[in-house]
Each structure stands twice: as structure tokens, then as C-alpha cells.
Amino acid sequence: MAKVSNFVCIMILFLALFFITMNDAARFECREDSHCVTRIKCVLPRKPECRNYACGCYDSNKYR
């Protein structure tokens with residue numbers, strides 16, 4: 001009985017972590033800078049930009 005309950009607990013933890021990572025990955029996908037404006041908020045002077053299909057806050061003057 002202890003092995004069954006241990007297995008159930010491990011499966012619950014695994015599924016919870018799996019769904020959390022899937023939700024996090026889907027949240028920041030992008031193809032253009034305009035996709036990131038509504039998804040993330042950045043502190044000035046940084047602006048939300050799409051790089052390598054992921055949104056992030058970047059200082060526009062340094063890298064472009």
C-alpha cells in the first residue's frame with residue numbers, strides 16, 4: 001500500500017511540473033516585436049522585443 005501511495009504522489013508532482021512548464025513556454029512565444037507588447041511589461045529604457053521566438057526586455061540601442 002505504501003508503494004502505491006508513493007507512486008501516486010510522484011505522478012502528481014510530475015504532472016504538476018509538466019503542466020507548469022508547458023504553460024510557461026506557451027506564454028512567451030512570438031514572431032514579431034508587436035506580439036510582445038501586450039504579453040510582458042518592461043521598465044524604461046528597455047522595450048519588449050522578440051528574439052529567437054521568445055519575448056524579453058531589451059535595451060534597443062545596444063543590440064540593433
Side-chain angles (χ1 to χ4, degrees):
M1 186 67 180
K3 289 182 179 181
V4 173
S5 63
N6 196 13
F7 177 75
V8 170
C9 289
I10 290 173
M11 288 303 295
I12 290 172
L13 287 173
F14 175 75
L15 290 173
L17 290 174
F18 176 74
F19 287 125
I20 288 171
T21 56
M22 290 297 292
N23 190 21
D24 189 40
R27 190 180 320 158
F28 298 109
E29 290 179 4
C30 63
R31 300 220 183 260
E32 297 178 359
D33 291 344
S34 62
H35 296 155
C36 299
V37 174
T38 58
R39 294 185 178 173
I40 60 173
K41 303 293 181 199
C42 300
V43 179
L44 291 175
R46 295 181 174 187
K47 296 181 181 179
E49 293 181 4
C50 182
R51 294 188 183 171
N52 296 329
Y53 303 107
C55 293
C57 294
Y58 300 103
D59 189 4
S60 305
N61 298 331
K62 287 185 179 180
Y63 299 107
R64 287 200 180 202

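Scope of the values below: all heavy atoms of this structure, side chains included, with no hydrogens, waters or symmetry mates.
In this structure, CD on E49 lies 12.0 Å from OG on S34, to the nearest 0.5 angstrom. Here the CG-CG distance, from L44 to D59, works out to 10.5 Å after rounding to the nearest 0.5 Å.
Here the closest non-hydrogen pair linking K41 and V37 is NZ-O, 4.1 Å.
F7 belongs to a hydrophobic cluster with M11, counting contacts under 4.5 Å between side-chain heavy atoms of Ile, Leu, Val, Met, Phe, Trp and Tyr, direct or through other members.
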- Check step by step if disulfide (SG to SG under 2.5 Å) holds for C36 and C30. CA-CA 7 Å; C36 299; C30 63; 3.7 Å; no

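Counting only heavy atoms from C-beta outward, the side chains of K47 and Y58 never approach each other to under 4.5 Å.
Looking at residues two or more places apart in sequence or on another chain, you find a side chain to side chain contact (heavy atoms under 4.5 Å, CB included) between C42 and I40, R46, P48, C57.
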